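A quick write-up on the structure given underneath.
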Amino acid sequence: MAKNVITTTTVDIDQPIDLESTMESGQVFRWEKNQDWYIGVIKRYGYAIKQTSSGLLVTTSNPDKGDTIKSISNFFRLEDDLGKLYTNLQHDQVLNSAFQRWRGLRLIKQDPWECLISFVCSSVSNIPRIKKNLNSLAKYYGRPIYLGDSTVYEFPSATQLSKVSVHDLSKLGFGFRAEYIVKIVNHELSGMLNLQKLLIESYATAKAKLTELPGVGNKIADCVLLFALEKLEGFPIDRWIMRALVDWYGHSENAKYSNLVCWAHKMWGTSAGYVQQYMYQQRRLS
DNA sequence: GTAGGCCCTTACTT
DNA sequence: AAAGTAAGGGCCT
């Protein structure tokens, strides 16, 4: 038997979905574009995904068709009703134009561990460098997955990263983030950190836990909360969102992070996360 | 509580 | 080519 058996599945989708803007919206770093396909990993399997008129075409190493559909639906949060979001907030001119420009941009539900490490890497970094860092980790410490002609890598668990030293990571170009990552791996290994448990905690409780970790402050915690821990009120404020809040909503440049998040929650409640994603895309790419 | 210096490099611009 | 700067923050004082 060949080890790289792949199957192809059509996933029909009745929700707005734009694969490209979703994959290029700074949520994930390890999905590579090849022609019309995005290639990456979800849990234990490799996937190549292409947008079609009726939804997505998916080629995968996952042998179970039903599980493939479930995984894809889960990953793209197809349970979220974007049409409703667009209607509910269409009175806001800023958001309304972002909704139209980026229609189908969706939040992604990622693996919490990879998400945490990814955003610790993102601190004062840039996209190409973050990608390089994460791909190094995956390639050197993760399990390879064969998907047709391409090889992708499962993101290494804390156990798989247990022997990684600050020196190793420094050589891979992590800079001052190397120390954070080694410490976070140890937190996870010691059981002091339990990301799965945070899935069922409240936003506030989970955020308090995350910000105890070295290298994780307000912003990075919000990224993990929103992109992986299913806290849709998560409202990460990076430079781009800050500029948007100042330019479009009249906030002061030195407004406090937590006050801004509070304001966002009053404005948008549990839609704050989606609002943030559209604002980010609009401010950064338009 | 909070302003400023510092952290390690890389990618990209002048 | 060399120098400068921005890059999806966080920590410590």
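Remember, it's a predicted structure, so these values are computed and weren't measured experimentally. Per chain, numbering begins at 1; letters A, B, ... match sequence-line order.
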- Note on the structure: Re B:dC8: Watson-Crick or G-U wobble partner, both distances kept under 3.5 Å, found to be none

- Query: Using 4.0 Å as the upper bound for N to carboxylate O, is an ion pair formed by A:Glu79 and A:Arg77?
  - Reply: yes

- Message: Please report the distance separating the P of C:dT5 from the corresponding atom of B:dG5, rounded so that it comes out in whole Å.
- Response: 16 Å

- Residues within residues 261-286 of chain A bordering DNA chain B, heavy-atom distance below 4.0 Å: none

- Take the protein atom CZ of A:Phe119 and the nucleotide atom C1' of C:dA7, then report the distance between them rounded to whole Å. 14 Å

- Using a 4.0 Å heavy-atom cut-off across all strands, classify A:Val120 as base, sugar-phosphate, or nothing. nothing

- Task: Pick base, sugar-phosphate or nothing for A:Tyr257, based on heavy-atom distances below 4.0 Å to the nucleic acid.
- Result: nothing

- Would you please confirm or rule out a distance under 4.0 Å between OP1 or OP2 of C:dA6 and any side-chain N or O of A:Arg239? no

- Task: Give, ordered by number, those residues of residues 174-191 of chain A having at least one heavy-atom distance below 4.0 Å to an atom of DNA chain B; if nothing qualifies, reply none.
- Result: A:Gly175, A:Phe176, A:Arg177

- Check the angle between the aromatic planes of A:Tyr45 and A:Tyr47 and answer parallel, tilted or perpendicular using the 30° and 60° thresholds. perpendicular

- Note on the structure: Between CZ of A:Phe29 and C1' of B:dT10 the distance, given in whole Å, is 15 Å

- Message: What is the distance, to the nearest angstrom, from the CG atom on A:Asn133 to the P atom on B:dT10?
- Response: 9 Å

- Message: Using whole Å, what does the distance between atom P of nucleotide C:dA6 and atom CD1 of A:Ile127 come to?
- Response: 17 Å

- Between atom CZ in A:Arg243 and atom C1' in C:dG9, what is the gap in whole Å? 14 Å

- Message: Taking only the P atom of each, what is the distance from B:dC8 to C:dT13 in whole angstrom?
- Response: 15 Å

- So, for A:Lys219 and A:Tyr257, which heavy atoms are closest and what is the spacing to 0.1 Å? CA-OH, 3.3 Å

- How many angstroms lie between atom CG of A:Leu116 and atom SG of A:Cys223, to the nearest 0.5 angstrom? 10.5 Å

- Task: Would you mind reading off the distance between A:Asn218 atom CG and C:dG9 atom C1', rounded to a whole angstrom?
- Result: 10 Å

- Is A:Arg129 side chain donor-acceptor paired with the B:dC8 base, going by distance under 3.5 Å alone? yes

